[in-house]
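As the structure is a prediction and not an experimental result, all values here were calculated from the model. Note on naming: letters A, B, ... go to the chains in the order of the sequence lines (proteins, then strands), and numbering restarts at 1 for each one.
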Amino acid sequence: MNTTVRTRFAPSPTGYMHIGNLRTALYGYLYAKSQKGDFVLRIEDTDRSRYVADAVDFIKRTLELAHIVPDEGPGFGGDYGPYVQSERMDLYKKYAEELVEKGAAYRCFCDPDENHAAGEFGGYDRTCRDLPADVIEKHLADGDPYVIRQKMPLSGETTFFDVLHGNITIKNEELEDQVLLKRDGMPTYNFANVIDDHLMKITHIMRGAEFITSTPKYTLLYEAFGWEVPTFIHLAPVMGKNEDGTVSKLSKRHGATSFEDLVKAGYLPEAITNYVALLGWNPKTTNQEIFSMEELIEAFRLDGLSKSPAVFDYDKLGWINGEYLKKMDEAEFEKLARPFAGDLPDYLEAHFGTLAALLKTRLTRLSDFAGEIAFLIDQPAFDASFYENKRNKVTPEKAKELLPDMIALLEEVPEADWTNDALYAKLNDFIAEREIKKGLAMWVLRIAAAGKLVTPGGATEILSILGKKNSLERLKKSLASLSAM
RNA sequence: GGCGCCAUCGUCAAGUGGUUAAGACACCGCCCUUUCACGGCGGGUUCAUGGGUUCGAAUCCCAUUGGCGUCACCA
């Protein structure tokens, strides 16, 4: 009999979606869906001091943007709720006490501050393990606050299985009597996790590799309850490149590293998801790199997961983003790009469609849009060396020679004919007549009008966007500074 | 520091004892081109080091080194 695969994503509501967390959610979702299983969203808000208002809505919105759809969770329904830990308080207390009854845990009445200084067993005192019954009774009668700690074996070792890493063994003496129930009555993350994962029938636990060391504590807990231990899959961390060339776990200091930041920076949610999926996972059977969510689900397999850390690479993300941009239809691109273009003078606003079409295949990020067209608003000052191009045999001298004639030619073009096609035809005639290289004339014109070495679009495209008056002003100005030399 | 995890081009990576060690990004060169981009073609001392095992090792074992993580009443 096959049990349904159930995975979960269990973020704490911190107010932003770190890219590493998004990846964990994605893999959990992909695995569940690839196995026709369920993906559960659970909110881990047991740390009251960290609570951020609206964070839950934020998480839900982000998942929605990323096209990760929970089958169960707060607001999604499901038979194992509530899916917010702060609403499950009584459950944890009940199970913690069950463990005390069984002798697998004990009450500790020690003062946390005092113990921290003592430190013989870390931040706690194991003597509470053996408190006589009457002492415990007295503490309880006095209403003394306490925590419940898990009683770890003092010798031997604990082994658990991880899909990626195989069996991992840790000596029990390395394990401390971790707190299960805090002084404020809230469960710790480690405890609530075990309870909820069991109660919610989670079969596969995907989480960051930073939990490897604490996993034996989990398995000991499952065993103490007599529960089946789920399958663990510890994911390698996502790293960021530091300025000095070293790498460390991806964090805010590496720049835009939350899903939200990346979207703001002009990366499409689909492209981010696509890239993140590939950061630590490989389909193996194909060299395909552009995947829709459906294709990811189809291709996803656990053995494609990498156990070594991956460095987040903005270049690759940019390439993937560019691929999505190129595939997009014109109208959609225009709509998406408009907010990134900034305030535009009327003549550019009028040509926005043309502009968008020119930029569509050239952009890597939407946020580069404004910068790419800035030269159309203010002509940059430029060096005469821009007129040098060996391929087309362009030199500043040639430019000085050709420009006056081309300006004269363009002066004659009526406003109505100031279009890309008409200008191109006109200039072609000129080029044929002079028997010069097309690239030569176009280069000179483009540089003189744009003042920029690399431009979106060729000479006539730029002239047509600029308009007759503006174009001629620019050309004359460029000629003047060329003559002044 | 103890313990644990990891180690193939700059980056993502395929590879599970015999390969000319894939592919992609980035980079460089060439072609195409009305510049750039797109597209096409091509390029690069990549298996951390040292020992084993083996006829044969990127693949298996050990050590070293390095990176990362973990040692909370945070998650």
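- Put simply, the side chain of A:K316 and the base of B:A26 share no donor and acceptor less than 3.5 Å apart.
- Rounded to whole Å, atom P of B:U70 lies 15 Å from atom CD of A:Q178.
- Base-pair partner of B:C68: B:G4 (Watson-Crick or G-U wobble, both distances under 3.5 Å).
- The base-pairing partner of B:A57, taking Watson-Crick or G-U wobble contacts with both distances under 3.5 Å, does not exist among the strands shown.
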Original post:
For nucleotides 31-42 of chain B, read 5' to 3', which letter fits each nucleotide if B means a protein heavy atom sits under 4.0 Å from the base, S means only the sugar-phosphate is that close, and - means neither?
Top reply: -SBBBBSS----

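- Comparing B:C73 with B:G67, their C1' atoms are spaced 32 Å from each other, to the whole Å.
- Among the protein residues, A:T46 comes within range of the sugar-phosphate backbone only, with heavy atoms under 4.0 Å from sugar or phosphate atoms but none that close to a base.
- Pairing for B:U49 goes to B:A63, judged as Watson-Crick or G-U wobble with the two contacts each under 3.5 Å.
- For B:A72, the OP1/OP2 oxygens have no side-chain nitrogen or oxygen of A:T188 closer than 4.0 Å.
- A distance-only check finds no donor-acceptor pair linking the side chain of A:S12 to the backbone of A:T14 [under 3.5 Å].
- A donor-acceptor contact shorter than 3.5 Å is absent between the side chain of A:K217 and the backbone of A:Q178.
- For CZ of A:R183, the number of neighbouring non-hydrogen atoms (other residues, nucleotides, ligands) closer than 6.0 Å is greater than 12.
- In this entry the distance linking CG of A:N190 with C1' of B:A72 reads 10 Å, nearest Å.
- In terms of modelled atom types and a separation under 3.5 Å, the side chain of A:W418 and the main chain of A:I465 share no donor-acceptor contact.
- Between A:L175 atom CG and B:G2 atom P the separation is 18 Å, expressed in whole Å.
- Side-chain proximity of A:D313 to B:U11, B:C71, B:A75: nearest is B:U11.
- Phosphate proximity of B:C6 to A:H165: present, with a side-chain N or O under 4.0 Å from OP1 or OP2.
- When side chains are defined from C-beta on, A:H234 counts as touching A:F211, because their heavy atoms get closer than 4.5 Å.
- With rounding to whole Å, A:I233 atom CD1 is found 18 Å from B:C5 atom P.
- Across the strands present, B:G23 finds its partner in B:C12; the criterion is a Watson-Crick or G-U wobble pair with both atom distances under 3.5 angstrom.
- Between the side chain of A:E295 and the backbone N or O of A:S292, at least one donor-acceptor pair lies under 3.5 Å.
- Rounded to a whole Å, the CG atom of A:D45 is 14 Å from the P atom of B:C74.
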Under-3.5 Å N/O pairs linking protein and nucleotides 14-16 of chain B:
from, atom 1, to, atom 2, distance (Å)
B:G15, OP1, A:K284, NZ, 3.2
B:G15, OP2, A:K284, NZ, 2.7

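- When every heavy atom of A:F382 is checked against every heavy atom of A:A448, the shortest pair comes out as CZ-CA, 4.4 Å.
- Nucleotide B:A72 holds its P atom 18 Å from the CG atom of A:D184, rounded to whole Å.
- In a base pair of the Watson-Crick type (N1 to N3 plus N6-O4 or O6-N4) or a G-U wobble (N1-O2 and O6-N3), with each distance short of 3.5 Å, B:U35 is matched with no nucleotide.
- Nucleotide B:C30 forms a pair with B:G40, judged by Watson-Crick or G-U wobble geometry with both contacts under 3.5 Å.
- Nucleic acid contact class of A:V147 (heavy atoms, under 4.0 Å, all strands): base.
- One can place CZ of A:F312 at 16 Å from C1' of B:A24, the figure rounded to the nearest angstrom.
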Atom pairs, N/O to N/O, protein against nucleotides 60-68 of chain B, distance under 3.5 Å?
from, atom 1, to, atom 2, distance (Å)
B:C68, OP1, A:V247, O, 3.3

**OP:** With ring pair (Phe, Tyr, Trp, His ring centres under 6.0 Å) as the test, would you mind laying out the steps for A:Y275 and A:F312 before giving the verdict?
**Re:** CA-CA 9 Å; A:Y275 174 64; A:F312 190 92; 5.2 Å; yes

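- The separation between A:E174 atom CD and B:C5 atom P is 12 Å, rounded to whole Å.
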